[in-house]
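Values in this document were obtained by computation on a predicted structure and should not be read as measured data.
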Amino acid sequence: MQSSNDTRMSEFLLLGLSEDPELQPLIFVLFLSMYLIAVFGNLLLVLIVVSDSHLHTPMYFFLNNLSFADMCVTSTTVPKMLWNIQTHSKVITYKGCITQVYFFIIFSGLDIYLLAVMAYDRFVAICHPLQYMVIMNPRLCGLLVMMSWITSVSHSLLQTLMVLRLSFCTEGEIPHFFCELNQMIQLACSDTFLSNVVMYFAALLLAGGPLSGILYSYSKIVSSILRISSAQGKYKAFSTCASHLSVVSLFFCTSLGVYLSSAAPQSSHASAVASVMYTVVTPMLNPFIYSLRNTDIKRALKRIIGVPVMKGPMVLGLKKCP
């Protein structure tokens, strides 16, 4: 099989996190639990924000979109892994693999851009509080989310088309629990130079840009906090964004670590394990991180279930970061 038309693989083998048969039931239970927590936790967060008019602010609008993206990221990867464990199979079809690559890039990219947008939202809320509702108007919020979607879909389409042009000469074994872009490129028997250039250039541009924006926003936030005279005031100001900053750190540290080490073949298993952090663990933890420390979310949940809530002062958009 030499041409790309003749080398459309009928299937690949997903080797998963471990090939030990005795560990498969444990992995199945663990990932099923994390998947259900991630999906229902984020879904509950979406329903709370949608159903409570007090939470119809820019901050929670972005959080809603982030929760949706998190649900989609885990749903793109984990169900197929669980199915393969349950059926004692490692097979994924070529079309299924390409589909995973396409949707995973969309929703993981959307995660990155939304985290950057949320960092900008916090920058405006803390550094320009009097102009917050003017700057973060509904039109700008909708435009920021729409541009995040357009960029994610365009990037995913480009990367998927680059994979489709590759030739795969033999049945491929993917040392991962889902079809990840760099693993697909490494399996190809045709020239992958252009695909690698596009992958790393796009990662540098489309991930490095949002990360730079996040770092810039937080540098300004920290600078503003340091100008606060009282220690209690500094603590309150910083606590408004501690949750978002922890999610950003967890997501970027693991995802960048995976892609920066992807060139080393011996790191395949370590990359697969690290990928669990930003594909499963982070989406699972987000609802807890963004709600347990958030009094507005707690109040909204109590309203939904009918528990009396003490009324407190609410400041337009200047509530704690989720």
Side-chain angles (χ1 to χ4, degrees), residues 12 14 35 38-39 41-43 45-46 61-81 92-119 141-166 174 176-185 195-196 198-211 213-214 247-248 250-252 254-256 258-259 262 271-272 274-284 286-287:
F12 293 97
L14 293 174
Y35 176 66
V39 170
N42 282 288
L43 182 60
L45 198 56
V46 169
F61 172 67
F62 299 136
L63 178 58
N64 248 10
N65 283 273
L66 181 68
S67 295
F68 174 76
D70 284 339
M71 284 190 289
C72 293
V73 167
T74 54
S75 297
T76 300
T77 58
V78 177
K80 178 58 180 174
M81 175 192 183
I92 182 171
T93 63
Y94 176 80
K95 291 181 179 179
C97 209
I98 294 298
T99 301
Q100 269 197 344
V101 170
Y102 177 71
F103 284 106
F104 179 75
I105 294 176
I106 287 179
F107 296 117
S108 59
L110 190 59
D111 254 346
I112 294 172
Y113 305 133
L114 288 173
L115 288 173
V117 168
M118 292 173 74
C141 292
L143 183 62
L144 289 172
V145 171
M146 184 180 69
M147 290 304 299
S148 298
W149 272 99
I150 291 174
T151 306
S152 298
V153 171
S154 301
H155 174 220
S156 180
L157 183 60
L158 172 64
Q159 297 289 10
T160 305
L161 290 175
M162 295 302 295
V163 173
L164 287 172
R165 63 181 289 276
L166 298 175
I174 302 176
H176 217 299
F177 65 94
F178 70 97
C179 295
E180 199 171 31
L181 177 63
N182 61 317
Q183 298 289 345
M184 292 286 291
I185 293 176
S195 296
N196 277 308
V198 171
M199 179 180 69
Y200 287 109
F201 179 76
L204 180 64
L205 180 64
L206 300 178
L211 180 58
I214 291 172
V247 172
V248 168
L250 182 62
F251 182 88
F252 276 97
T254 54
S255 57
L256 287 176
V258 168
Y259 278 91
S262 62
S271 296
S275 297
V276 175
M277 295 300 294
Y278 68 87
T279 58
V280 185
V281 175
T282 301
M284 179 188 69
N286 280 359

Are any of the side-chain heavy atoms of Val117 and Val145 separated by less than 4.5 Å?
-> no

Nearest 0.5 Å please: distance from the SG atom of Cys97 over to the CD atom of Glu180.
-> 11.0 Å

Exam field: side chain Gln100 to backbone Thr76, donor-acceptor pair closer than 3.5 Å | yes

Validation row: Leu181, Phe104 side chains within 4.5 angstrom (heavy atoms) = no

Taking all heavy atoms of Ile106 and all of Ser152, pick out the closest pair and write down the distance.
-> O-CB, 3.4 Å

Closest non-hydrogen contact found for Met118 with Leu66 is SD-CD2, 3.8 Å

Compare all side-chain heavy atoms of Asn182 with those of Met199 and state whether any distance is below 4.5 angstrom.
-> yes

With side chains defined as the heavy atoms from C-beta onward, is the minimum distance between Val163 and Thr160 less than 4.5 Å?
-> no

Side-chain heavy-atom pair Pro210, Leu115 within 4.5 angstrom cut-off | no

Tell me, do Met147 and Leu143 make a side-chain contact under 4.5 Å, heavy atoms counted?
-> yes

Side-chain touch Phe107/Asp111, heavy atoms, less than 4.5 angstrom | no

For residues Tyr278 and Val73, determine if any side-chain heavy atom of one lies less than 4.5 Å from a side-chain heavy atom of the other.
-> no

Ignoring hydrogens and geometry, is there a side-chain-to-backbone donor-acceptor pair from Asp70 to Ala38 under 3.5 Å?
-> no

